[in-house]
Undergrad: 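Provided herewith is a single structure, encoded as structure tokens, for subsequent inquiry.
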Amino acid sequence: MLCRCQKQSGTSHIMELAIQNLISPVVLCFVLGAIARWVKSDFKLPDAVYQSLSIYLLLAIGLKGGVAISKTPINELILPALVTLALGIITPLSAFFVMRKFGGLNKTDAAATAAHYGSVSAVTFLASIEAAKLAGLEFEGYVAALMALLEIPGIIVGLILARGKGSGSLGSAIHDVVTGKSIFLLIGGLVIGTACGADKIDGVAPFFIDPFKGVLCLFLLELGTVAASRMRDMKQAGWKLIILGSAIPVVHGILGTAAGILVGMSPGGAAILGAMVGSASYIAAPAAVRIALPEASPGIYLTLALGVTFPFNLILGIPLYMKTAEILSQL
Amino acid sequence: MLCRCQKQSGTSHIMELAIQNLISPVVLCFVLGAIARWVKSDFKLPDAVYQSLSIYLLLAIGLKGGVAISKTPINELILPALVTLALGIITPLSAFFVMRKFGGLNKTDAAATAAHYGSVSAVTFLASIEAAKLAGLEFEGYVAALMALLEIPGIIVGLILARGKGSGSLGSAIHDVVTGKSIFLLIGGLVIGTACGADKIDGVAPFFIDPFKGVLCLFLLELGTVAASRMRDMKQAGWKLIILGSAIPVVHGILGTAAGILVGMSPGGAAILGAMVGSASYIAAPAAVRIALPEASPGIYLTLALGVTFPFNLILGIPLYMKTAEILSQL
Amino acid sequence: MLCRCQKQSGTSHIMELAIQNLISPVVLCFVLGAIARWVKSDFKLPDAVYQSLSIYLLLAIGLKGGVAISKTPINELILPALVTLALGIITPLSAFFVMRKFGGLNKTDAAATAAHYGSVSAVTFLASIEAAKLAGLEFEGYVAALMALLEIPGIIVGLILARGKGSGSLGSAIHDVVTGKSIFLLIGGLVIGTACGADKIDGVAPFFIDPFKGVLCLFLLELGTVAASRMRDMKQAGWKLIILGSAIPVVHGILGTAAGILVGMSPGGAAILGAMVGSASYIAAPAAVRIALPEASPGIYLTLALGVTFPFNLILGIPLYMKTAEILSQL
Amino acid sequence: MLIQLKKVTIVAESLLKEGILEILKAQGSTGYTITACEGEGSKGIHASDFEGRNIQIDTIVSSEVGQLVLTAVSERYMKNYALIAYMNDVEVVREDKFK
Amino acid sequence: MLIQLKKVTIVAESLLKEGILEILKAQGSTGYTITACEGEGSKGIHASDFEGRNIQIDTIVSSEVGQLVLTAVSERYMKNYALIAYMNDVEVVREDKFK
Amino acid sequence: MLIQLKKVTIVAESLLKEGILEILKAQGSTGYTITACEGEGSKGIHASDFEGRNIQIDTIVSSEVGQLVLTAVSERYMKNYALIAYMNDVEVVREDKFK
Ligand SMILES: Nc1ncnc2c1ncn2[C@@H]1O[C@H](COP(=O)(O)O)[C@@H](O)[C@H]1O
Ligand SMILES: Nc1ncnc2c1ncn2[C@@H]1O[C@H](COP(=O)(O)O)[C@@H](O)[C@H]1O
Ligand SMILES: Nc1ncnc2c1ncn2[C@@H]1O[C@H](COP(=O)(O)O)[C@@H](O)[C@H]1O
Ligand code: NA
Ligand code: NA
Ligand code: NA
């Protein structure tokens, strides 16, 4: 009875969290961008600036994460890192299985989609951090390092799953993934942040740390217009896929959250890990998949990642993972 | 006698205000930009960045204004809002009348120009805020909301004035105005700011609020080069129009200031309202007018708005409205 | 014996300084950019943004320098200014001589290179300021004004040295140099900063001052990729030139440092002056030289300035000048 | 394997983008490429710098569609707006993409 | 003084940049010009907005090289990627730059 | 209604912008369109990244003016600067805009 009662209050709490999460500059800017597209406004962030904001965000995430690593004893990092790597291998497999079995996708499309769900969406990661802060939850600073770890394996597993189906060598595909600008900047930032430590990074905080959230708003404004375009393409993906695009993040997200709690992370940190695991990449993965798996249909994987799963996580997923973390941490 | 005496000290005070207003980073950057053009420097802010600065400024104005609205009891807002709307309908009519009667413009050109004077220049608004701060004047935070209100009706009245003269439907013209990026972002920012309130907007203040004035400097640097090009086109407009382009802001500006005082705004707020009413739009209005009134000559309306009225207000108009507000508030 | 002992500890101290200098966000971002090029990452800061960061940095240097000038009694400025001008005339002559005598360059190429070594690299200047801060050294705020002074004469002397060899009029070349965007913005910023003074510039500090170092990081990230490309072109320049490209900054840098100490500057300020004098321009000079001396080979002067001398100063030169300043100031 | 088609190029102030694209679609063009550009011509003034500079729109079409596009665009915009339009021969791979 | 050559133009999603440039080099082109652009065609979706929009690659080559480039590019990319390719005649100054 | 003219295209390092535009005006061109671009050719190095990359300048002119422009540009710049220049036939609407 206590359990059910808790569950009920939990449910209502999730709605509150969801609403509190919704009414934030970050989420509302995303919504505003989507509206811009829907009302056919001519708003458009110039390409050069949109790309530069990406560069800024990834480098800044890296720097912040690096500082956190420099403060964390290595043995505290090992377990979360291993679990993150494991999740980066498991989740593309489960996504592949689901997409083949229930989604009716061919092998290449399923593998391409799996690569996206195995990797991570940097913006979902950031949104989950904002949500955790808003909810007053503490979290481990090294989560950004986990994000970097989570980006790569999923993509590689996805490409391996598609193999045989023609396409180039795996080696050159992996080189492309690792030197691709998004992962390169993230890892570069992590290394610089770790090497410099908190004191020296402090000097660049007024650029890389303090205005970060505002820059994220501007980025999401543009991402909203892009996501809204993807939502229009949903017919191509079909209803079955759209439902799976909401179900997979729930499963993966809860899995990630539970794993985080299990290895002793704080509820906030576990929820953030859950959001990462539940998210689907739409920056690093699409570029890699497009080159390595040209026959896969971007109309499927991009629409799922950016048109379905990203908004789902932003609005419902993240509060759900936070609530899950809270409940699990009390067990 | 007291009156004359006051007037004299008033006059000298205006000069002081004007000089104090002139020697500010914002104004001097505008002047530097104009000089760049005059000495044929190759300085040029890349287009993509200039557009992004506009986006930033409009969104930031909106957010700030929204926070102010969220703090203001609605009944305090009603009267200033109504008076602003009224001014947005009256001023294009008076500008139309003057341009037809004294400016010798044909109906279309007069209506196009009226649309500009009926709307508002966001940068003049910002410059008046800086000037008010510099002069130590308090003002109402909700003025940004008034600016949003003032942007639209003037353009619509202008388009109506031109009607009959061929051109497309008014409905689609209005759709274009409201979804045009400048007004869309301003209103979007207002809504987000109002919904989030001060606490949540605080998190993005290091991006949207603190560096705002510096960004404005960079924007004005480029705007200076654009305005200097317009000043070269003054021959096309003719001396008569240039004189009117300085007289109209004085009349509208004093009208706006007086109206502000009348509805109980502070001297600072009334002066800012005056600057808005006295200003001529050169972002939203030109785009709308160009599409809806193609026969109207941009060589007239753009030169007046950006080459004559904007620098006039920046240098002389704003101090004048501040002095006017001070005098009227003491009556 | 004391001297030798000092020298030893001095040497070790230089290594420490060099390492401390290396492990900073600014330098590591430069290295990261170079690595991006070496591993063939597709990282690239869009051109429009790179140009805008230049604009930002130059204007900000100017504003800061202007504030410093507004606080400094003129008579304190005169001596350093005169010595800077003298160095701006001497160093292109010595570079020309060395490049002709030891570098085996023809007259035009030697003059073109001399113009670069006579002028100053803004980014080296900034890096030396960061290094001085890191080392806890105080320095004179007016060094930015010295930098502006040092930019122009070297270029003009270089062009004069090349004369006779066809090419256009010196007058129009000088006009181009002075109205070229980099020098125009620097001087414009200085004038605005001086006119406004500390109080008014304070209002734009959250944009122009606080995030400055972070912006510099982003700029150096891109500059690293550009410099790495230049390093690839080193074969064209040849080993003799590469050695000279490291020797000249040492000589000029120590000369500049000594001159700074001589006119009574602080050790920090003298080291910064040394870094400026030892640096070679790769923004203002190349543009001017390319137009005025088209026969000169960019493969030589650009590679020397950006591929050899800039990284040399960043990593070894600056600590050397700081150590030199320390030693000389104790004499 | 190469087929003779026309490339129609329209350089115009960027405000006209939507309208020109509508014309292209209506006249039977199956695709287009837009490039940002600047320029000068007989009409010195552009409506708004906030709206960006000029755009160049290229579309590969059959000769007949090309004629129709040029006529429609110039009739609708040439008088009042800054705009030029021209076309030239191109040899294209895979003609089926343009039908 | 003017020599008749071909200008080959390829408009493609920007991810293909490296691959296309490799083909150009392999087939004997001595230079190229790249412009950023946007567009629409038969393939609506592009891989990643982070990677930038489309690119247009122009290369001035002899007629034979032009044929080779068009064939190689369309064989390698036309099926799966958003790409068009065409060429037209140009009269060029200083032909030695293109050999 | 369509008139045969020439489109002259010049791709050059962006520092040359002012000089090239002067030549255009002097030789009788009535307008031009500039696009930002990047590229590679025989001259690997460009003067300054701060000044931006290459520019492409297009101008629609008569055949005679085209010849003059090509000659003037190549004489003045071809030797020392990174630059190519060529022209091709175009069919233009409203020839009066180009005279
Ligand atoms: N002769 C020309 N050659 C190339 N582009 C031109 C020419 N004339 C005009 N343009 C372009 O077309 C735009 C509009 O021209 P206009 O309507 O003549 O002002 C200009 O801004 C240029 O970009
Ligand atoms: N008919 C066309 N005319 C001009 N550009 C086109 C045309 N069709 C396609 N394109 C360009 O080529 C790109 C790829 O086309 P597609 O493979 O058909 O999607 C588009 O994004 C356009 O930039
Ligand atoms: N064969 C070519 N095809 C297209 N563009 C070229 C070609 N050769 C050179 N270019 C362009 O012209 C510029 C200058 O060429 P160059 O003088 O050969 O270095 C290059 O940066 C390219 O943008
Ligand atoms: Na994931
Ligand atoms: Na007004
Ligand atoms: Na120097």
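All chains are named by letter (A, B, ...) in the order of the sequence lines, taking the proteins before the strands, and each is independently numbered beginning at 1.
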Undergrad: Over all heavy atoms of both residues, which pair between C37(D) and T33(F) is shortest? Give the atoms and the distance, please.
TA: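 Of all heavy-atom pairs spanning C37(D) and T33(F), the closest is SG-CG2, 3.5 Å.
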
Undergrad: Using non-hydrogen atoms and a 4.5 Å limit, figure out which bit of A36(D) sits close to chain F: side chain, backbone, both or neither.
TA: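 When you check distances to chain F, only backbone atoms of A36(D) fall under 4.5 Å.
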
Undergrad: E40(D) versus I34(F): any side-chain heavy-atom pair under 4.5 Å?
TA: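 Counting from C-beta outward, E40(D) and I34(F) never come under 4.5 Å.
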
Undergrad: Please evaluate residues L70(D) and L2(F) with respect to the criterion side chain to side chain contact (heavy atoms under 4.5 Å, CB included), reporting the C-alpha separation (whole Å), side-chain torsions for both, the decisive distance (0.1 Å), and the verdict.
TA: CA-CA 9 Å; L70(D) 286 182; L2(F) 294 180; 3.7 Å; yes

Undergrad: Identify which part of I10(D) has an atom lying under 4.5 Å from any heavy atom of chain F, answering side chain, backbone, both or neither.
TA: neither

Undergrad: Would a 4.5 Å heavy-atom cut-off, applied to side chains only, mark D89(F) and N88(D) as touching?
TA: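 A side-chain contact is absent here, since even the closest heavy-atom pair is not under 4.5 Å.
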
Undergrad: Looking only at side-chain N and O atoms, does E91(F) offer a donor or acceptor that is under 3.5 Å from a partner on Y86(D)?
TA: no

Undergrad: Are V93(F) and M78(D) side-chain neighbours, meaning at least one heavy-atom pair lies under 4.5 Å?
TA: yes

Undergrad: Quick one: closest heavy-atom pair of T35(D) and T35(F), and the distance?
TA: CG2-CG2, 3.5 Å

Undergrad: Measure I60(F) against the heavy atoms of chain D and call it side chain, backbone, both or neither at under 4.5 Å.
TA: side chain

